[in-house]
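We count ligands from 1, going down the list as the structure has it; atoms in each ligand are counted the same way. Predicted model only: the values in this text are computed from it and were never measured. Computed from heavy atoms alone, side chains included, the values below leave out hydrogens, waters and symmetry copies.
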Amino acid sequence: MDSILVTGAAGQIGSELVPALRERYGPDKVIATDVRMPATPAAAARGPFEHLDCTQPEQLREVIRRHGVRTIYHLAAMLSAVAEERPQTAWNLNTGGLYAVLEAAREYRCAVFFPSSIGAFGPTTPRDATPQDTVQRPTTMYGVTKVAGELLCDYYARRFGVDVRGLRLPGLISYTAPPGGGTTDYAVEIFYQAIRYRHYTCFLRADTSLDMMYMPDATAAIMRVMEADPARLEHRNAFNVTAMNFTPERLAAEIRKHVPDFAIDYEVDPMRQAIADSWPRSIDDGAARAEWDWSPAYDIGAMTRDMLEKLGARLKPAR
Ligand SMILES: NC(=O)c1ccc[n+]([C@@H]2O[C@H](COP(=O)([O-])OP(=O)(O)OC[C@H]3O[C@@H](n4cnc5c(N)ncnc54)[C@H](O)[C@@H]3O)[C@@H](O)[C@H]2O)c1
């Protein structure tokens with residue numbers, strides 16, 4: 001049956017990756033799964049949905065067997081800010097879920113996609129143009145689970161021949177599903193507030209520089225790395241990918257080109273600021289460009305225009 005299984009499908013990435021996969025491979029081939037229902041009944045109706053806790057090996061095996069799954073996009077995880085509040089739960093979900101997925105993939109010969117993050121780097125990593133292969137000593141539980149995950153994926157590829165591939169994604173910006181509690185969530189919230197109130201209070205400092213990507217580029221990158229010619233892949237797993245780099249101040253200036261009276265102020269959240277300060281200011285995605293022709297379509301200008309247009313069609317100004 002050669003089906004595709006997506007864990008954590010009701011989240012920010014899954015809400016756009018599942019439709020993109022269904023468009024490419026056919027609606028019935030893609031089994032969306034999560035521990036919560038999709039955000040809208042319409043989304044659930046567009047193809048198969050199963051309730052699946054990815055930390056439960058027997059549930060995973062049963063769904064894989066029943067649907068003839070050959071590829072697993074493993075998105076279920078706890079994001080950086082929430083993970084710092086509940087580190088024990090984050091370890092169990094992020095590491096336990098991945099382990100269960102890799103074991104099932106080994107048993108049923110499935111390929112696996114694993115999303116790592118710029119959070120897999122830490123304060124001792126070179127912070128500008130962070131190389132593909134470099135120091136990874138993160139100081140957050142999220143980062144610890146992502147480094148452990150990258151290593152576990154490499155191990156299953158080398159030891160058991162599981163075709164595991166992955167990306168280190170930067171902050172993702174989208175208008176479909178709300179972000180799930182990450183340090184870069186401000187770059188999504190700011191658009192909702194700009195349209196509704198023409199004002200946003202940012203939880204990161206004005207000069208906090210981080211890499212970002214618009215969701216259409218992220219779903220394209222995920223599908224492209226999974227389809228890449230294995231003979232060209234030197235890294236396979238944990239490719240640095242990026243599309244743009246900005247600070248809250250710079251994003252506010254870009255929004256002001258379309259919403260001239262938009263104002264931003266700052267109430268810094270020390271916990272999320274500390275996470276951002278431990279991450280790279282920018283990353284080098286040369287390996288992804290060289291090994292599978294990665295090239296993003298959206299820069300900050302194109303992304304801002306599209307976000308305001310798509311959200312503007314849905315949201316009304318509050319006053
Ligand atoms: N969004 C980003 O900016 C970003 C950046 C880099 C990496 N990532 C990674 O991409 C992946 C997906 O991120 P996202 O933004 O869509 O996250 P999200 O928080 O929006 O969604 C995660 C989903 O996982 C589900 N889930 C939680 N526990 C589960 C369990 N036990 N079994 C099955 N599902 C469960 C949740 O219900 C949720 O729908 C994560 O691994 C994340 O670390 C995200």
Identify the protein atoms, limited to N or O, that lie within less than 3.5 Å of an N or O atom of ligand 1, and list each pair with its distance to 0.1 Å.
residue: ligand 1; atom: 1 (N); partner: Gln12; partner atom: OE1; Å: 2.9
residue: ligand 1; atom: 3 (O); partner: Leu172; partner atom: N; Å: 3.0
residue: ligand 1; atom: 16 (O); partner: Gln12; partner atom: N; Å: 3.1
residue: ligand 1; atom: 16 (O); partner: Ile13; partner atom: N; Å: 2.8
residue: ligand 1; atom: 20 (O); partner: Gln12; partner atom: N; Å: 2.8
residue: ligand 1; atom: 31 (N); partner: Asp53; partner atom: OD1; Å: 2.8
residue: ligand 1; atom: 32 (N); partner: Cys54; partner atom: N; Å: 2.9
residue: ligand 1; atom: 37 (O); partner: Asp34; partner atom: OD1; Å: 2.7
residue: ligand 1; atom: 37 (O); partner: Arg36; partner atom: NE; Å: 3.0
residue: ligand 1; atom: 39 (O); partner: Gly11; partner atom: N; Å: 3.2
residue: ligand 1; atom: 39 (O); partner: Asp34; partner atom: OD2; Å: 2.7
residue: ligand 1; atom: 39 (O); partner: Arg36; partner atom: NE; Å: 3.0
residue: ligand 1; atom: 39 (O); partner: Arg36; partner atom: NH2; Å: 2.9
residue: ligand 1; atom: 41 (O); partner: Leu75; partner atom: O; Å: 3.4
residue: ligand 1; atom: 41 (O); partner: Lys146; partner atom: NZ; Å: 2.9
residue: ligand 1; atom: 43 (O); partner: Tyr142; partner atom: OH; Å: 2.6
residue: ligand 1; atom: 43 (O); partner: Lys146; partner atom: NZ; Å: 2.9

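- Not a single side-chain hydrogen bond (donor to acceptor under 3.5 Å, both in side chains) links Gln193 to another residue, sequence neighbours left out.
- Using the six-membered ring where Trp is involved, Tyr99 and Tyr156 have ring planes that are perpendicular, over 60° apart on the 30 and 60° scheme.
- Residues Arg22 and Val30 come closest through the heavy atom pair NH2-O, 2.8 Å.
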Without placing hydrogens or testing angles, list every side-chain donor-acceptor pair under 3.5 Å for residues 172-183, not counting sequence neighbours.
residue: Ser174; atom: OG; partner: Gln12; partner atom: NE2; Å: 3.1
residue: Thr176; atom: OG1; partner: Glu16; partner atom: OE2; Å: 3.0
residue: Thr183; atom: OG1; partner: Ser80; partner atom: OG; Å: 2.9

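- Judged as a ring-ring contact (aromatic ring centres under 6.0 Å, His included), not a single pair has a partner in residues 257-277 (not counting sequence neighbours).
- If you check the side chains of His235 and Gln132, you find no donor sitting under 3.5 Å from an acceptor.
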